[in-house]
Number of protein chains: 2
Amino acid sequence: MPKAMFEDIYRDVKQKIQDDVYPYQSFLPPEKDLVAVYSCSRNTVRRALQMLADDAYVQPLHGKGVRVIWQRSKQPTVGSLVGVESFEEYAKKNGRVPSTEVKLFETLTCDQELSARTGFEEGAELTHVIRVRSLNGEACQVDHNFFLESAVPGLTPRIAAGSIYRYIETELGMRILTSSRSITVELSTDMDRMYLDLGPYSCVAITENRVFNSNGVMFEYTQTRSHPKTFNLHVVSRR
Amino acid sequence: MPKAMFEDIYRDVKQKIQDDVYPYQSFLPPEKDLVAVYSCSRNTVRRALQMLADDAYVQPLHGKGVRVIWQRSKQPTVGSLVGVESFEEYAKKNGRVPSTEVKLFETLTCDQELSARTGFEEGAELTHVIRVRSLNGEACQVDHNFFLESAVPGLTPRIAAGSIYRYIETELGMRILTSSRSITVELSTDMDRMYLDLGPYSCVAITENRVFNSNGVMFEYTQTRSHPKTFNLHVVSRR
DNA sequence: GCCGATTTGTCCGTATGTATC
DNA sequence: CGATACATACGGACAAATCGG
């Protein structure tokens, strides 16, 4: 009920763009018209338009209007498969069957080297999980998860075999707020080749993910090592 | 003078975070204090804070405050080297000497296959450039540029050897507004191996870049094929 | 558990600046 | 030059979340 209005406008306009109500290269109605349509203030309209611009759906042109620059991909995109949280969602979208196999489940104490790599404090108790993620039975990424035990207590191999995020959000009631990722490409390791059928590929795509909860503590560091064939990331750069 | 005030606040607070004036995990002064400090309205402060949140520098917590979550990487990051426009900037930042070698310069007409790949209209006249970009003499990426000739006229190999973007912005007076990128990892081609010293790497990191000018037309499609060693991208995901 | 103070989230109406045509 | 449309900023109002007494 107390749903933010600017999000409704954002979704509505976005949908209209995808439905060609506002076609590629056309101009949106001027802000004052949108104010009338949605019966809200100009600020609220502008906030929604700002979000659409961030998504590269529209391009505001000073003194001219707001142009639609989104167009449906001609070659249907594979989508973005990056990081843990999008894995199941990605599978669903593309009509594939996801599966997860837990290869390692242990608790350990963060030493200096691990601290430098992950950003956790030295001496922190961590749950370390290695999982192989597959789509339609084909292994496509290896996840190396490190969870801060004090923030994510009660993890079990059984939970790890499903969705750890669902556990975190529903069971622990913890909200996930921010996450930042870094993407690199590195030579594959023996473990990569053991779990992924890399064939001629000598590399894997690596995304590092650091996730913060609503208490401001980083509670997860994950390194996802993806088969190049299944790696595809879409980024929109701002102005 | 007509410089946007929210950007000044954004930069100032960002700098203070990097300088540990506002340390990791601490709270920023409440918005009302910042309003007093910068002698502006709350909206203006909030806009700057919003940008910092988008950059994953801070994490606003409803009813509590705004927490700093940025921390200096312990292992110095290589930085982000993605796409053409950041190439010279990247080199400058890291104190390296950039150089560019034009390997191919031709004009061609967009056929069906190229249209599907790039998004240009079939039949459009394009300038096609292949360039090898090096840092300190070491080849690190191969750029395949396609420019819409009607939007970017007068390109010459001489210009391509320098910065095409500078030509576009200063000579043509064209503003670059939006660009969207897609990142994948693919097997290297013979051409990749000819220009890049890939060693044991059988793959290259590929970024596709589509750039729109202020007239709303896509005037550039670029595929950048990067040496894995020099590829590093940082992405911040929103909420 | 309730209440009030603090702080962020959302929204409004208005004013002024600036770019385009 | 004037009309239109986006950009920035202000000040105020109320809602919602958090925390301490």
Side-chain angles (χ1 to χ4, degrees), chain A residues 1-13 22 26-54 57-69 173-175 177-178 212-217 238-239, chain B residues 1-13 22 26-54 57-69 169 173-178 212-217 238-239:
Chain A
M1 179 63 129
K3 199 62 166 304
M5 180 187 297
F6 67 88
E7 281 193 340
D8 292 339
I9 302 176
Y10 164 75
R11 273 193 299 271
D12 190 56
V13 176
Y22 303 135
S26 71
F27 280 95
L28 295 185
E31 293 173 357
K32 72 168 179 54
D33 290 4
L34 294 175
V35 164
V37 169
Y38 295 104
S39 313
C40 66
S41 77
R42 188 161 164 246
N43 281 338
T44 305
V45 165
R46 283 185 59 76
R47 185 151 176 195
L49 293 182
Q50 173 64 47
M51 292 171 70
L52 289 167
D54 287 345
Y57 266 60
V58 301
Q59 178 187 44
L61 302 172
H62 200 153
K64 292 186 73 173
V66 180
R67 179 149 19 199
V68 177
I69 58 170
M174 196 161 78
R175 262 194 317 163
L177 287 191
T178 325
F212 295 78
N213 69 6
S214 54
N215 292 321
V217 292
R238 310 173 197 163
R239 52 190 83 188
Chain B
M1 182 57 138
K3 199 63 165 305
M5 181 187 295
F6 68 89
E7 282 192 341
D8 293 340
I9 302 176
Y10 163 76
R11 273 193 299 271
D12 190 56
V13 175
Y22 303 136
S26 71
F27 281 94
L28 296 185
E31 293 172 357
K32 72 169 179 54
D33 290 5
L34 294 176
V35 164
V37 169
Y38 295 105
S39 313
C40 66
S41 75
R42 187 165 162 238
N43 281 336
T44 305
V45 165
R46 282 185 60 76
R47 183 151 178 193
L49 294 182
Q50 174 65 46
M51 293 173 69
L52 289 167
D54 287 345
Y57 266 59
V58 301
Q59 177 189 43
L61 301 173
H62 197 157
K64 292 187 71 173
V66 180
R67 179 148 19 198
V68 177
I69 59 171
E169 287 186 324
M174 196 159 78
R175 261 195 317 163
I176 292 151
L177 288 192
T178 326
F212 296 78
N213 69 6
S214 53
N215 292 321
V217 292
R238 306 172 200 163
R239 53 191 81 187

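Just so we're clear, the structure is a prediction, and the values are computed from it rather than from any experiment. Any value given below was found using the heavy atoms of this structure, including those in side chains, with hydrogens, waters and symmetry copies removed. Throughout, protein chains are lettered first and strands after them, A, B, ... in sequence-line order, and every chain is numbered starting at 1.
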Below 3.5 Å is the cut-off: list the nitrogen or oxygen pairs between protein and nucleotides 1-7 of chain D, distance only.
from, atom 1, to, atom 2, distance (Å)
D:dC6, OP2, A:Glu31, N, 3.0
D:dC6, O2, A:His62, NE2, 3.1
D:dA7, OP2, A:Arg46, NH1, 2.7
D:dA7, OP2, A:Arg46, NH2, 3.1
D:dA7, N7, A:Arg42, NH2, 2.9
D:dA7, N6, A:Arg42, NH1, 3.3

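Here C:dG9 presents its P atom at 16 Å from CG of A:Asn43, a figure rounded to the nearest Å. Separating the CE atom of A:Met5 from the P atom of D:dA15 is a distance of 14 Å, rounded to the nearest angstrom. One interatomic measurement links the two molecules: CD of A:Gln50 to P of C:dC11, which rounds to 15 Å at whole-angstrom precision. Distance, A:Leu34 CG to C:dC11 C1': 17 Å, rounded to whole Å. Atom CZ in A:Arg67 sits about 12 Å away from atom P in C:dT20, given to the nearest Å.
Side-chain contact check for A:Arg46 versus A:Glu31: some heavy-atom pair is nearer than 4.5 Å. The closest side-chain heavy-atom distance from B:Leu52 to B:Tyr10 is below 4.5 Å.
A 3.5 Å limit on both hydrogen-bonding distances identifies no Watson-Crick or G-U partner for D:dC1.
For B:Asp33, the salt bridge (charged side-chain N to carboxylate O under 4.0 Å, His left out) criterion is met by no residue, not counting sequence neighbours. Every residue two or more places apart in sequence or in another chain that forms a side chain to side chain donor-acceptor pair (under 3.5 Å) with A:Tyr38 is listed here: A:Asp12. Take B:Asn43 and apply the side chain to side chain contact (heavy atoms under 4.5 Å, CB included) test, not counting sequence neighbours, and it matches B:Ser41.
From A:Leu49, atom CG reaches atom CG of A:Asp54 across 11.0 Å, with rounding to the nearest 0.5 Å.
In terms of phosphate contacts, B:Thr44 brings no side-chain nitrogen or oxygen within less than 4.0 Å of OP1 or OP2 of D:dT8.
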